[in-house]
Amino acid sequence: MKIVAVLYPGGPSAKDTPELLGCAENALGLREMVEARGHELVALTDPGAGLDAHLADANVVVATPFWPAYITKERIEKAPNLQLLLTAGVGSDHFDLAAAAEHNVTVAEITGSNVVSVAEHVVMQMLALVRNYILAYNEVIGGGWDIGKIASRSHDLEDKTIGILGMGRIGQRVAARLKPFDVHTYYFDSRRLTTAEEQVLGARYSGFNALVSSADVLSINMPLTPATQELFNRELLYSMKKGAYLVNTARGRIVETDALVEVMEAGHLAGYAGDVWYPQPAPAEHPWRKMPNHAMTPHVSGTTLEAQKRYADGVRDCLINFFDGRPIDRDYIIVEGGRVTSPSYSYAYET
Ligand code: NAD
């Protein structure tokens, strides 16, 4: 079997930090296990021509959301031996799921592996925006002490209305972490939680439009699917409360690129943060880099060293089961037997 893993370049950190498992140099710590079983592992950083050169005889492609290899229908058709597409992380939109189903390729991801890491990042970025941390930090670096400039856009999180779109593993962890801040949390999801779950999380269900228009701080935590792609267009962004904040750690394509720039430049939103872009890596001239009042990072929220260990372990488990002809953990399966089966994605692909 030939396993092709497309991973981010670790650079000089790769050698000094063996825990940096997700980079191409350290290849998710898989090499020994794969080779001991008589298989071939190719770990590369080039998601373009470098990957194309291996598609003809690849049995498995491993990719990550942080440094994505976009596996389109055309690419799947160029890989006649492809049986398994594996995401080292959570969120498999970089694979064409409908095409994978059509060609009977299984898609799996390491469900839950980095949800705590992302939830912590969401809370950090909410606070960074609401408290005006970036401007305050830049004041320090710039040698200034302009309290008025910083404080005139700085608020408490307490008593604010928080909206969570997509109350899955990450959304629930965001709600749980925000509880001690004494906020008012509402959520929308295509599947409503039970009353008991809502009580534990301190979150109330809301209609979609009501949530978007009433939240002071809105967090997007649903997958990128045909139903959510560019959901946040100009109209929806302008339907948000003036002066609200938007945090998107789900996927960049859920928000329309140019519409967001327009809304931020018009000052309709007070701040935008998150770590997801389209495409990735974001080109140097990506307009979100320079728009006003943002607190974005590159796509790093779900790839802390702890998260890398968890998703590397998950990929190892999947491959061992695959080599030994055993089923992959059900929780990890997104596409199987010619169907998108994951409950988080499936309804968006129902025909
Ligand atoms: P999850 O599957 O546990 O939860 C997703 C939730 O979204 C589910 O409850 C589902 O019902 C809901 N949903 C799906 N489509 C919806 C729609 N159209 N409208 C309303 N709700 C909808 O997934 P998760 O682990 O919480 O992750 C959520 C997403 O976050 C992932 O799909 C991925 O895109 C992104 N993510 C990003 C990072 C990162 O590093 N930035 C890491 C992990 C996950």
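Numbering of ligands and ligand atoms starts at 1, following listing order. The structure displayed is predicted, hence computed values, not measured ones.
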List ligand 1 atoms under 4.0 Å from [X], heavy atoms only on the residue side.
X	value
R169	1 (P), 2 (O), 3 (O), 4 (O), 25 (O), 26 (O)
F188	19 (N), 20 (C)
F66	40 (O)
G166	7 (O)
D275	39 (C), 40 (O), 41 (N)
S301	39 (C), 40 (O), 41 (N)
T228	18 (N)
R191	8 (C), 9 (O), 10 (C), 11 (O)

May I ask you to check if ligand 1 and [X] share an N or O to N or O distance below 3.5 Å?
X	result
D189	yes
I170	yes
T249	yes
H299	yes
G302	yes

Any side-chain donor-acceptor pair under 3.5 Å between [X] and [Y]?
X	Y	value
R310	S117	yes
T194	E197	yes
Y272	N248	yes
K2	H54	yes
T249	H121	no
Y345	S92	no

inquiry  = Between H286 and W277 (judged by ring centroids, cut-off 6.0 Å), do the two rings come close enough to count as a pair?
reply    =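 Yes - the distance between ring centres of H286 and W277 falls below the 6.0 Å cut-off.
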key: Centroid-centroid under 6.0 Å between Y186 and Y205 rings   =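 Y186 vs Y205: aromatic centres not under 6.0 Å.
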key: Contacts of type ring pair (Phe, Tyr, Trp, His ring centres under 6.0 Å), residue H299, not counting sequence neighbours   =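 H299 satisfies ring pair (Phe, Tyr, Trp, His ring centres under 6.0 Å) with F66 once adjacent residues are dropped.
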Among P65, S190, G112, closest by any non-hydrogen atom to atom 20 (C) of ligand 1 =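 Going through P65, S190, G112 one by one, S190 has the nearest heavy atom to atom 20 (C) of ligand 1.
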ask   = Can you find a non-hydrogen atom of V118 under 4.0 Å from ligand 1?
value =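 Heavy atoms of V118 do come under 4.0 Å of ligand 1.
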request  = Please verify whether a non-hydrogen atom of A250 lies at under 4.0 Å from ligand 1.
outcome  =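 It does; at least one heavy atom falls under 4.0 Å.
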query = Can the positive tip of R253 be found less than 6.0 Å from the middle of the six-membered ring of Y278, inside 45° of the ring normal?
reply =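 Yes.
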Got a list of side-chain donor-acceptor pairs under 3.5 Å for residues 6-24, not counting sequence neighbours?
unit_1	atom_1	unit_2	atom_2	d
Y8	OH	Q308	OE1	2.8
Y8	OH	Q308	NE2	3.4
T17	OG1	S13	O	3.1

query = Considering only heavy atoms, does V90 approach ligand 1 within less than 4.0 Å through its side chain, its backbone, both, or neither?
reply =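 Contact part for V90 vs ligand 1: both backbone and side chain.
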